[in-house]
Number of protein chains: 2
Amino acid sequence: MTNVFDDPRITAVGLLFEAHAGLSARFNAQLEEHGLSAVEFEVITRLARSPGNQLRMTDLAAQTSLSTSGVTRVVDRMERDGLLTRRACPNDRRSSYAVVTAAGMQRLNETLPGHLQMIEQWFTGQLGPEALAALLDGLRRVRDAAHPCATAGSDDVSPEQVAATDNATRRH
Amino acid sequence: MTNVFDDPRITAVGLLFEAHAGLSARFNAQLEEHGLSAVEFEVITRLARSPGNQLRMTDLAAQTSLSTSGVTRVVDRMERDGLLTRRACPNDRRSSYAVVTAAGMQRLNETLPGHLQMIEQWFTGQLGPEALAALLDGLRRVRDAAHPCATAGSDDVSPEQVAATDNATRRH
DNA sequence: GCCCAACGACTGCCTGAGCAACTATAACCG
DNA sequence: CGGTTATAGTTGCTCAGGCAGTCGTTGGGC
């Protein structure tokens, strides 16, 4: 009996998911050395790249893989650890900003070079320039098709964000 | 100030992670229609493709993204739902098999065609044959480099498994 | 200006999963 | 054979995160 599971489609997703899992594991290990989880790293990165190193809680949720309640709790932890602070929004008293502290920026600066090195070591450096370009091109097309921007409610993310980086919005 | 975060390496992982997140969301939605979570689908698939539609708990853990305690609990749930059964191992009284029931096989057969369709719709069908081949080739190389088989403790997975399918072993 | 709908953040409750501890069995070794 | 060590599975504890409900705030319709 020829197995249904040898279907090339299954193999294809298998490759993508395994590559993701493998890289995640590598990255997690490196981040953990600096006392950060993947989610925390994503949060602090998003904030650090935003004007004023701050973002409203909702916007932060929209840019990450977290729900708003998830953001509340991550920011709780990171505020407890001194990496972030909450700041009241002057215009809208419902909103509050999450702001990266000096300690947070320092932690990020300690972490980033190693992280980039990991990316190069395990991902981009594994391929020649043209093979990498082909891979990224394929990924971009799959991402554009499958990435659930509409589902995620992050309707108002600025286009340059979507184009330039990873807006890993996913809700269940 | 040119932003450190525009580094092409960041963009590259962003693409991979977003593609994964997008596909995961799509797949989860379809699986949910059939009352399965992604983990349950993975478990039942692994079992169904194994001889006798069964696998020892430990082996199942080694083939999935779960720890052994995680497997215990998933199998608990799926046994409660009638999709699986535990069967004592005759040779080794410590071990037990997880076996797919008839209901479990039926559920899987209901789910699989739609799942393959989703893969085609959101992933493989998005690219021409040569672009897909290039993508898969790149993914394979990244997977081979980064996939933490050694880290995961699944030292004894049979080679054909690793070659043919997704062994998404990841431990923290 | 007033009311009601929408919104932003937070909290209670629940589920899923990992780690470490534990039990029972197996295997090894003297 | 008896004791020590390793292995298979389960369970207690903990934590992260989602959903739904709550509260305060805002803004739009009249």
Side-chain angles (χ1 to χ4, degrees), chain A residues 21 24-25 28-29 32 36-43 54-81 84-99 151-156 168-172, chain B residues 21 24-25 28-29 31-32 35-43 54-81 84-99 151-156 168-172:
Chain A
S24 288
N28 285 340
E32 199 172 3
L36 291 174
S37 71
V39 169
E40 289 163 350
F41 179 73
E42 192 185 2
V43 163
Q54 62 182 355
L55 228 38
R56 297 185 321 143
M57 301 291 280
T58 303
D59 297 336
L60 186 53
Q63 288 189 23
T64 59
S65 56
L66 293 171
S67 65
T68 63
S69 78
V71 165
T72 294
R73 292 175 220 266
V74 174
V75 172
D76 281 349
R77 273 173 278 159
M78 296 178 75
E79 189 169 28
R80 171 172 51 71
D81 297 347
L84 263 50
T85 321
R86 281 179 170 84
R87 178 175 299 163
C89 175
N91 311 336
D92 188 339
R93 302 216 305 220
R94 293 170 301 181
S95 302
S96 54
Y97 288 105
V99 197
T151 309
S154 60
D155 320 298
D156 53 353
T169 30
R170 167 172 48 102
R171 297 294 141 65
H172 304 287
Chain B
S24 287
N28 285 340
L31 294 176
E32 198 172 4
L36 291 175
S37 72
V39 170
E40 289 164 350
F41 180 72
E42 191 185 2
V43 163
Q54 62 182 358
L55 229 38
R56 297 183 324 141
M57 303 291 281
T58 303
D59 297 337
L60 186 52
Q63 287 189 24
T64 59
S65 55
L66 292 171
S67 65
T68 64
S69 77
V71 165
T72 294
R73 292 176 221 266
V74 174
V75 172
D76 281 349
R77 272 173 279 160
M78 296 178 76
E79 189 169 28
R80 173 172 51 71
D81 296 348
L84 263 50
T85 321
R86 280 179 170 84
R87 179 175 297 163
C89 174
N91 311 336
D92 187 340
R93 300 217 304 218
R94 293 170 300 181
S95 301
S96 53
Y97 288 104
V99 198
T151 308
S154 60
D155 321 296
D156 53 355
T169 32
R170 167 173 48 106
R171 297 295 138 67
H172 304 287

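Below, chains carry the letters A, B, ... as their sequence lines are ordered, and counting in each starts from 1.
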side-chain contact (heavy atoms from CB on, under 4.5 Å) partners of Val75(B), counting only residues at least two apart:
Met57(B), Leu60(B), Val71(B), Leu84(B), Arg86(B), Ala98(B)

In whole angstrom, what separates Leu60(A)'s CG from dG17(D)'s P?
12 Å

Select base, sugar-phosphate, or nothing to describe what Thr72(B) touches, counting heavy atoms under 4.0 Å on all strands.
base

How many Å lie between CZ on Arg56(B) and P on dA26(C), as a whole number?
12 Å

Starting at atom CE of Met57(A), determine the distance to atom C1' of dG17(D), rounded to an integer number of angstrom.
14 Å

Separation between CZ of Arg73(B) and OG of Ser69(B), rounded to the nearest 0.5 Å
5.0 Å

Taken in chain and number order and not counting sequence neighbours, the residues that satisfy ring pair (Phe, Tyr, Trp, His ring centres under 6.0 Å) with Tyr97(A) are none

side-chain contact (heavy atoms from CB on, under 4.5 Å) involving Glu40(A) - partner list, sequence neighbours excluded:
Leu36(A), Ser37(A), Val74(A), Arg77(A), Met78(A)

Just call it for Asp92(A): base, sugar-phosphate, or nothing, with non-hydrogen atoms closer than 4.0 Å on any strand.
sugar-phosphate

Could you check whether Ser37(B) gets within reach of a base, just the sugar-phosphate, or nothing at all, counting any heavy atom under 4.0 Å?
nothing

5′-ward residue of the pair Val71(A)/Asn91(A) relative to DNA chain D:
Val71(A)

What's the CG-P distance between Leu55(A) and dG8(C), to the nearest Å?
13 Å

On a plain distance test, is the side chain of Arg94(B) in donor-acceptor contact with the base of dT7(D) below 3.5 Å?
yes

Under 3.5 Å, which N/O atoms of the protein pair with N/O atoms of nucleotides 12-15 of chain C?
| from | atom 1 | to | atom 2 | distance (Å) |
| --- | --- | --- | --- | --- |
| dG12(C) | O6 | Arg73(A) | NH2 | 2.2 |

To the nearest Å, how far apart are Arg87(B) CZ and dG9(D) P?
15 Å

Asp92(B) meets the side chain to side chain donor-acceptor pair (under 3.5 Å) criterion, sequence neighbours left out, with Arg94(B)

To check you understand the geometry: which heavy-atom pair defines the closest contact between Val99(A) and Arg87(A), and what is its length?
CG2-CB, 3.8 Å

Roughly how many Å is it from CG in Leu66(B) to P in dG18(C), rounded to a whole number?
5 Å

Between Arg86(A) and Arg93(B), who's closer to the 5' end of DNA chain C by nearest nucleotide?
Arg86(A)

Which whole-number value in Å describes the distance from Asp76(B) CG to dG18(C) P?
14 Å

Just jot down the side chain to side chain donor-acceptor pair (under 3.5 Å) partners of Ser95(A), sequence neighbours excluded, or say none.
Arg56(A)

Glu42(B) atom CD is separated from dG16(C) atom C1', nearest whole Å, by 15 Å

